[in-house]
Amino acid sequence: MGMTSAKCIGVLGGLGPYAGLDLVHKIFDCTNAKTDQEHLPVLLYSFPNDIPPRVEFLLGKTAINPGYAMGELLVRLAEAGASVIGMPCNTAHSAPILDVALDILHKSGFQGQFVHMITETAKYIQAVYPSVKNVGVLCTQGAYHSKVFDMHFNKLGLNVLYLDDDGRSHLQNDISNSVYGIKAFSSPVTNIVKNDVELQAIHLAERKADLILMGCTEIPLALSGTDFQGIPLLDPTKVLAESLVRAFNPAKLKCNP
């Protein structure tokens, strides 16, 4: 069997680049494997230079929809053998972007499964944290503007809490500032970012969030752990990793569902 015909998990990376690596890492972490050969086949496509900025499009600062480039990359993943595909970027799951990308993918004849990170996260919260009602979300300005979390969480009875205008502005700078932001300095993240992300999480805790969601895939680079001041702290990338393994080969899932 040629490599291009072998089935595998596909990861659309480059959104940002470290988020794709982080997802692959977490796929390996939640796979039940004791040898190299027992791990699942994973294909990471990371072409950040091909994908226009998501936040700028959602805020109306550019008319170039990144969904078109994303769709073409998804098709290339499928053609390379990806039968189950995930994308580690919450903002890119906003309907104006994702609908375009998935339309291109499905029109190509793709018969596999696209695993929707935000839908899977909402289902995970409902299953693992049934008492949670108010989800505090740390996210980009683009995700806030598109209300992508509200769209999928509200269906399951989950209320979404956001930072105020000042907090969201600070968090966006923590992510994208060219002098100290996570996109510019991912390994390691700068102390100014670590301190400010923690401060924004405190603000959500003060708003009585039952759970704090790291709703940008780069936030876990600055804020780690499974709880924050006694409040559950959830990483959607980990949820997506488990969901991808479950969709591709449920017998290989090591983590709890």
Side-chain angles (χ1 to χ4, degrees), residues 7-28 30 40-58 65-108 110-124 137 139-140 142-143 146 148-149 151-153 175 182-183 186 213-221 234-248:
K7 297 300 182 184
C8 63
I9 295 173
V11 173
L12 178 58
L15 299 153
Y18 276 92
L21 286 174
D22 187 43
L23 175 57
V24 172
H25 189 170
K26 286 167 180 168
I27 290 172
F28 296 156
C30 69
L40 297 175
V42 178
L43 182 60
L44 168 63
Y45 262 34
S46 186
F47 291 85
N49 54 309
D50 287 347
I51 305 173
R54 281 78 63 203
V55 172
E56 285 81 348
F57 171 72
L58 292 170
N65 190 335
Y68 290 101
M70 288 162 46
E72 295 302 324
L73 289 170
L74 288 171
V75 171
R76 288 165 62 180
L77 265 174
E79 290 174 345
S83 58
V84 173
I85 298 176
M87 180 176 67
C89 178
N90 293 276
T91 303
H93 281 74
S94 298
I97 297 174
L98 186 61
D99 288 354
V100 169
L102 292 184
D103 183 61
I104 293 170
L105 175 63
H106 293 306
K107 284 181 177 176
S108 74
F110 178 64
Q111 297 297 313
Q113 180 181 354
F114 178 84
V115 180
H116 194 291
M117 178 166 61
I118 297 180
T119 298
E120 292 299 312
T121 299
K123 291 191 295 185
Y124 182 93
V137 177
C139 67
T140 66
S146 73
V148 62
F149 292 102
M151 182 180 301
H152 297 283
F153 282 30
I175 295 165
I182 299 174
K183 288 186 181 295
S186 298
L213 185 73
M214 293 182 281
C216 169
T217 45
E218 284 149 331
I219 295 296
L221 298 172
L234 185 59
D235 176 7
T237 303
K238 184 175 183 294
V239 176
L240 177 59
E242 293 180 10
S243 299
L244 287 168
V245 172
R246 186 182 299 109
F248 189 80

State, to 0.1 Å, how close [X] and [Y] come at their nearest heavy-atom pair, and which atoms those are.
{"X": "Leu213", "Y": "Phe149", "result": "CD2-CE2, 3.7 Å"}
{"X": "Gly67", "Y": "Val100", "result": "C-CG1, 3.8 Å"}
{"X": "Phe47", "Y": "Arg76", "result": "CZ-NH2, 3.6 Å"}
{"X": "Ile175", "Y": "Glu218", "result": "CG2-OE1, 3.6 Å"}
{"X": "Pro220", "Y": "Asp235", "result": "CG-OD1, 3.5 Å"}
{"X": "Leu73", "Y": "Tyr45", "result": "O-CD2, 4.1 Å"}

side-chain contact (heavy atoms from CB on, under 4.5 Å) evaluation trace for Asp50 with Glu72: CA-CA 10 Å; Asp50 287 347; Glu72 295 302 324; over 6 Å; no
Criterion side-chain contact (heavy atoms from CB on, under 4.5 Å) on Leu244 and Ile27, from CA distance to verdict: CA-CA 8 Å; Leu244 287 168; Ile27 290 172; 4.0 Å; yes
Leu21 side chain reached by His25 side chain, heavy atoms, under 4.5 Å: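 No, every pair of side-chain atoms sits at 4.5 Å or beyond.
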Min side-chain heavy-atom separation Ser243-Tyr124 under 4.5 Å: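 They are not in contact (no side-chain heavy atoms under 4.5 Å apart), so the answer is no.
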Hey, could you give me the [atom1]/[atom2] distance between [X] and [Y], rounded to the nearest 0.5 Å?
{"X": "Ile51", "Y": "Ser46", "atom1": "CD1", "atom2": "OG", "answer": "7.5 Å"}
{"X": "Leu12", "Y": "Leu43", "atom1": "CG", "atom2": "CG", "answer": "10.5 Å"}
{"X": "Leu77", "Y": "Phe114", "atom1": "CG", "atom2": "CZ", "answer": "10.5 Å"}
{"X": "Lys183", "Y": "Leu221", "atom1": "NZ", "atom2": "CG", "answer": "10.0 Å"}
{"X": "Lys238", "Y": "Thr121", "atom1": "NZ", "atom2": "OG1", "answer": "11.0 Å"}
{"X": "Met70", "Y": "Leu105", "atom1": "CE", "atom2": "CG", "answer": "10.5 Å"}

Please tabulate, for the side chains in residues 81-95, all donor-acceptor contacts under 3.5 angstrom to protein atoms that are two or more places apart in sequence or on a different chain.
from  : atom 1 : to     : atom 2 : distance (Å)
Asn90 : ND2    : Gly215 : O      : 3.1
Thr91 : OG1    : Thr140 : OG1    : 2.6
His93 : ND1    : Cys89  : O      : 2.7
His93 : NE2    : Met117 : N      : 3.3
Ser94 : OG     : Thr91  : O      : 2.8
Ser94 : OG     : Ser146 : OG     : 2.6

Residue pair Val42, Val11: steps toward the side-chain contact (heavy atoms from CB on, under 4.5 Å) verdict: CA-CA 7 Å; Val42 178; Val11 173; 4.1 Å; yes
From CA spacing to verdict: side-chain contact (heavy atoms from CB on, under 4.5 Å), Leu74, Phe110: CA-CA 9 Å; Leu74 288 171; Phe110 178 64; over 6 Å; no
Exam field: side chain Asn65 to backbone Pro96, donor-acceptor pair closer than 3.5 Å: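 Present.
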